[in-house]
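Note that these values count all heavy atoms, side chains included, but never hydrogens, waters or copies made by symmetry. Lettering of chains follows the sequences in order, A, B, ..., and the numbering in each one begins at 1.
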Amino acid sequence: MSEVYKIAIVGSGPAGMSAAAHAAKKGLSHVLLEKTDHLSDTIYRYQKGKHVMATPSVLVLRSDCEFDAGKREKILDQWNQDTAAAGVNVRFNAEVKAITGDKGDFTLELKSGGAVKAENIILAVGTQGNPNLMRCEGGNLAHVQYSLDDPGEYTDEHITVIGGGDAGIENAMGLIADAAQNNTLTLLNRGADFPTAKKPNVDALLGARDAGRINVMVETSAALVEAGWITVDTPQGQTRYKCDRIIARMGAAPPRAFVESAGVQFASPDRSAFPTLTPTFESSTKPGIYVIGALAGYPLIKHCMNQGYDVVEFIGGNTSLDPADEPLLQAKLAGLPGNRSVSQWLEFLRSHVEILNGLSPLQMREFLLDSAVRAYKAGEAIFERNEPGSSLFGIAEGSVKVEVDPSNPNITVPIGESSIFGEVGLISGRKRGATIRAAEPTICVEIPRMAALKLMSQVPQARDAVQRITTERQVLQIFKSGLTPSDISEVLKGAEVTEVKPGEAIINEGDISDDLYIIRSGSMIVEKNLGGKPVFMSYVPAGSYSGEMAMIERSPRVATVKAAIRSQVVKLPAEPFRALLARKPELAKRMTDEMRARREINEFIESQKEEFGGAVDMYSSVANFLIKQGIGEATDVLLIDESLCVGCDNCERACADSHDGLSRLNREAGTTFANIHVPTSCRHCEHPHCMSDCPPNAIRRGPDGEVFINETCIGCGNCQRACPYGVIQMDKPPPKKPALWEWMLFGRGPGPGQPSYEWRKKAAKAEGGESPKLAIKCDMCSGKAGGPACVRACPTGAAIRVSPDAFLSVARIEKA
Amino acid sequence: MTQVGGQHTERVRQRTHEGFLRHKSFLWAQVATGLCVVVIALYWWVALQINEPPSGGSWLGYLLGTIGAGLIVWLACLGVRKRVITAGHYSLKAWVSAHVYLGLSLVVIATLHTGFQFGWNIHTLAYALMMLVIASGALGIWAYATLPERLHGNRGETTRKQMLDSIESQDRQLHDLAQPLDRAGASVVKLSIEETEIGGGFWKRLTGSYDDCANRRALQRLRNLPAPASAKQAEALTRIEQVMQQKAETLALARRQMQITAVLEGWLFVHIPATFALLAALTAHIVSVFTYW
């Protein structure tokens, strides 16, 4: 208590441990505070035998602890040895409750009682302490809790545990451990399996289920929480059952309240936002507190360990230390014109590219590690139309021209210094819509999609700039008609970007309103009330507009427009737009023509409704079913016509045989309506959920719109957890099978399709060697000339792949 | 409507929603019909020139025989095509469509090839086997055209695994419920848990006759048990009867599923072996014809 440490390190994960080891090596007085009774709890809780990867591979490791890719156990052992050898002063079971004081005199109050005093604090607590909250209605009620301290304190209750990870399973098992407590337990799991949990946990859980001690509901999620009851969505529909207590264990985000109470500010009110870091190293906005590791937004182990080392160097007085990435940046910037040093380059880019203006030097470094700086000669193509690519470009020097008309490369639109281009890729990872060439010698910074999204989430200034430019370009692209930015500046002044929840209406039939809406992301459905029932009229994908009839004709709204999925729309005020139409007859004609076409479709459906009510009702209900299945965010979805499917599973076999022996689709699973079956298979969402948190940025969108996982996958399982459709599996490809003719003639090997688990296990054993489980999903048979194998291999034509706007067209009524 | 990013760079993508029978607006039906018409007309014309119908030994017979043999070999290749998943442009649906209609056209081509000369020899055996293959194939067309709706209508959204799982869980419930029972009661439950056969042999699955089903027998014996000794046992017996009834329903669902699947697969048990026999007989037929030329 009397001792004041030079450094107190909170959290003993890779970052904290590395910091402590270096402090010990340097002879600085320090203490490493760890909540649990072992080092690095996050890694410790990985499943047994998990293969931990060391990425990014180019980055050199600078730490007093060793780290190399390998099994969890090996790595933990190594770290235990390293910290012991370095003489780290570690205190286990020392959870910090509160941090008070200022630089030079901090007090860290411990939960177990007592306190630690320190001059500097390194926060390396990661994100595991701040659980994800329930988002369904009633999720904020008092009987919903996110942790379970003592399972022994609950008796005679109906308890629902949500989450099939280790935390959820361990909680549930604790609550039923003593039968005398007489709790009725239910565990909800979103997927069909328990891929993130340790096997012994899963085995124990399934054993308990088999013994009737716990009810396990898979492919189920909570829909509504009421006092004493819970309603859940199961694959078979909704059910409501008794529930006195909910324990939700669904993953985590930065532990904001604790960190904020110490005086550290966050970048934005967003739940997933990270603490704001100042220009001087990993310092937070609170002097004397340094934030490193996952809490600072760097989830990769190598980064964390380097930061731990660097931050201790910095506290120890070494302010001129070149970060570990200096040689990487030097290599990256070598060969560029201008003869600048690394720090000069960083400053040059930061000040010259608008969206980078708000970055600190440290953020610039981190940012540039992910990005690339390129110089182009005048006339050189930066990218070509239809090229795959989802990166964002910022112009640091020079200017570019956009070839807006594919048939005539002489028609170009200029984009000047400090602006950006390629932003469409950010929204959906789609391929390039136009060729862009350097208009003069130009220097651009190319920012990969993930780095750009990270930038936008951390720097509000960057986000606003991107949003503004994106809206302007999108309006220009949707309405074309030779509009220029100056034409639409009036319209954009009143533009409002809003998020719309699924099912929420942006326009209600009969309302008097006349704004125009642009669907930036997501999709909308148009419904009209016919004979007292809402009838599906049309589907509006992202990148189109809606609401033009009332705007042009100043009439009440003729139909309801509501979001099929979570969407982002831009509301454009009617008055300036009408003024624009008056100025631009070409645009007015274009919109009137399109309006007429849309009206004809509506009238056609209305007339059919009178004559063939059944066909229209069918069309409407099929459309609603598909929208409910999330087709609204799909770009290409596999459907099976059950009036043709003979259940031969040749689609699954074809899938397995064209992709390393594992099938990425499950024909039988999934929902069905009116003979249309939506199997468990990737829909290549417009905004893929799986892309949202991929540490190595391995999930990309390919040239045909397919979302695929490349070979840099580290097997973390984030994408599997993020996918709401359960189409990603974690598995290792089986060993190669004997050739097909050997099977046909001699019965060698398992035959066509995915080999049985037993065969794989045996063959893998015979082959030897360790291979990690990686994320596996449909890639739409990327690169195969014939297209998706599941469709090609269907003998009866039951399997089709469609885009929602093509499938949800009136053509279906005409066919019926 | 403009779409961000423009059109797909279209690889071959089958987006048309047509079954194998209607494939490309009955393209292969038209080809097969045309082939038959041409062959019949040709036969008619040749038959008019000579006194007796042209036999297999005539030039027309050789022509028809070559076409027929070629078709048979090509039709048999579907089995390979189905299993070799290559990356190129092919559609198994198109293959099946052609297989169906060209296979049916063999009835005309091969019959004319025989010149209506039949006997107890290898040649007629090959013909008979071919007709057997075609007849079983026709059964297959009927099954593929009519059964899928029943197959999926029966299972709803329940997968095979879920059916098996629910039977397993019912067995577990039975096991737990049987704890308070006496020996006679327990043996009835044991009968249902241990002896119930979900599927059985192919014939059993096809006919769907499960009169000897252990669960059904257990249910009967349960109802005939003497009055239970205690209220606890009585309650257990009531619950057991309910669960056995549920199990009977799940079993019926699973068995109906297996029955439809058995019909969908059953014709292949004739079609495929008969095809191999046909290929052997065809080889013998051709070899013998050329040997005794």
Side-chain angles (χ1 to χ4, degrees), chain A residues 210-212 235-236 386 424 427-428 430-431 433 474 477-478 480 540-544 594 641-648 650 653-654 657-658 668-672 675 677 703-705 740 744 751-752 781 783-789 791-798 800-802 805-806, chain B residues 1-23 78-80 82-97 99 143-145 147-149 151-153 155-162 168-169 172-173 176 257 260-261 264-265:
Chain A
D210 293 351
Q236 286 78 33
N386 283 338
V424 174
I427 301 183
S428 56
R430 288 211 163 277
K431 61 202 162 104
Q474 203 170 20
Q477 193 176 6
I478 289 177
K480 295 195 175 78
V540 190
S544 357
E594 192 152 318
D641 182 343
E642 294 209 326
S643 64
L644 289 170
C645 174
V646 294
C648 65
N650 215 37
R653 261 179 240 129
D657 283 348
S658 37
E668 218 182 7
T671 49
T672 306
N675 276 336
H677 178 65
D704 286 289
L740 185 72
M744 277 185 146
C781 288
K784 296 194 171 64
V791 176
R792 276 184 288 139
C794 177
T796 63
I800 48 172
R801 288 207 80 106
V802 291
D805 42 339
Chain B
M1 278 177 224
T2 36
Q3 186 146 15
V4 177
Q7 301 291 305
H8 285 282
T9 50
E10 197 69 25
R11 292 177 294 166
V12 173
R13 196 68 73 74
Q14 290 141 31
R15 292 181 189 279
T16 46
H17 187 177
E18 267 177 339
F20 68 103
L21 291 175
R22 306 180 66 93
H23 174 70
L78 181 71
V80 178
K82 181 184 155 189
R83 290 176 178 87
V84 184
I85 311 296
T86 52
H89 301 223
Y90 77 92
S91 153
L92 190 61
K93 174 175 79 168
W95 271 72
V96 171
S97 190
H99 181 91
Y144 274 33
L147 292 182
E149 291 202 43
L151 180 74
H152 299 289
R155 78 173 179 92
E157 286 175 4
T158 321
T159 62
R160 185 188 354 217
K161 188 166 176 301
Q162 283 166 338
E168 214 172 282
S169 108
R172 264 194 314 274
Q173 287 179 45
D176 292 349
Q257 196 67 14
I260 303 168
T261 313
L264 274 171
E265 285 173 354

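- Here B:Arg155 is the residue among B:Gln173, B:His99, B:Glu168, B:Arg155 with the most heavy-atom pairs under 4.5 Å with chain A.
- If you measure heavy-atom distances from A:Cys645 to chain B, the contacts under 4.5 Å come from both the backbone and the side chain.
- Within the model, atoms OG of A:Ser544 and CD of A:Glu594 stand 8.0 Å from one another, a figure rounded to the nearest 0.5 Å.
- Of all the listed residues (B:Val96, B:Thr261, B:Thr86, B:Thr159), the one sharing the greatest number of non-hydrogen pairs under 4.5 Å with chain A is B:Thr159.
- The contact between B:Leu264 and chain A is made entirely by side chain atoms (from C-beta outward), counting heavy-atom distances below 4.5 Å.
- Using a 4.5 Å heavy-atom threshold, the side chains of B:Leu151 and B:Gln257 count as touching.
- The parts of A:Pro795 that come within reach of chain B are both its backbone and its side chain, each placing non-hydrogen atoms under 4.5 angstrom from that chain.
- Taking CZ of B:Arg83 as the start and CE of A:Met744 as the end, the distance is 5.0 Å to the nearest 0.5 Å.
- Remark: A:Glu668 CD to B:Gln162 CD distance equals 8.0 Å, nearest 0.5 Å.
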(request) Let me see the working for B:Leu92 and B:Leu78 under side chain to side chain contact (heavy atoms under 4.5 Å, CB included), right down to the final yes or no. (result) CA-CA 9 Å; B:Leu92 190 61; B:Leu78 181 71; 4.1 Å; yes
(request) Kindly determine whether A:His677 and A:Thr671 satisfy side chain to side chain contact (heavy atoms under 4.5 Å, CB included), including the steps that lead there. (result) CA-CA 6 Å; A:His677 178 65; A:Thr671 49; 6.0 Å; no
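- In this structure, the portions of B:Arg160 lying under 4.5 Å from any heavy atom of chain A include both its backbone and its side chain.
- Under the 4.5 Å side-chain criterion, counting only non-hydrogen atoms from C-beta, A:Thr672 is in contact with A:Glu642.
- Proximity to chain B (any heavy atom under 4.5 Å) is shown, for A:Ala654, by both the backbone and the side chain.
- Between chain A and the options B:Glu265, B:Lys82, B:Arg22, heavy-atom pairs under 4.5 Å are most frequent for B:Lys82.
- For a residue to count as touching a neighbouring chain, one of its non-hydrogen atoms must lie under 4.5 Å from one of that chain's; by this rule B:Ser169 does not touch chain A.
- For chain B, the nearby parts of A:Leu644 are the backbone and the side chain; heavy atoms of each come within less than 4.5 Å.
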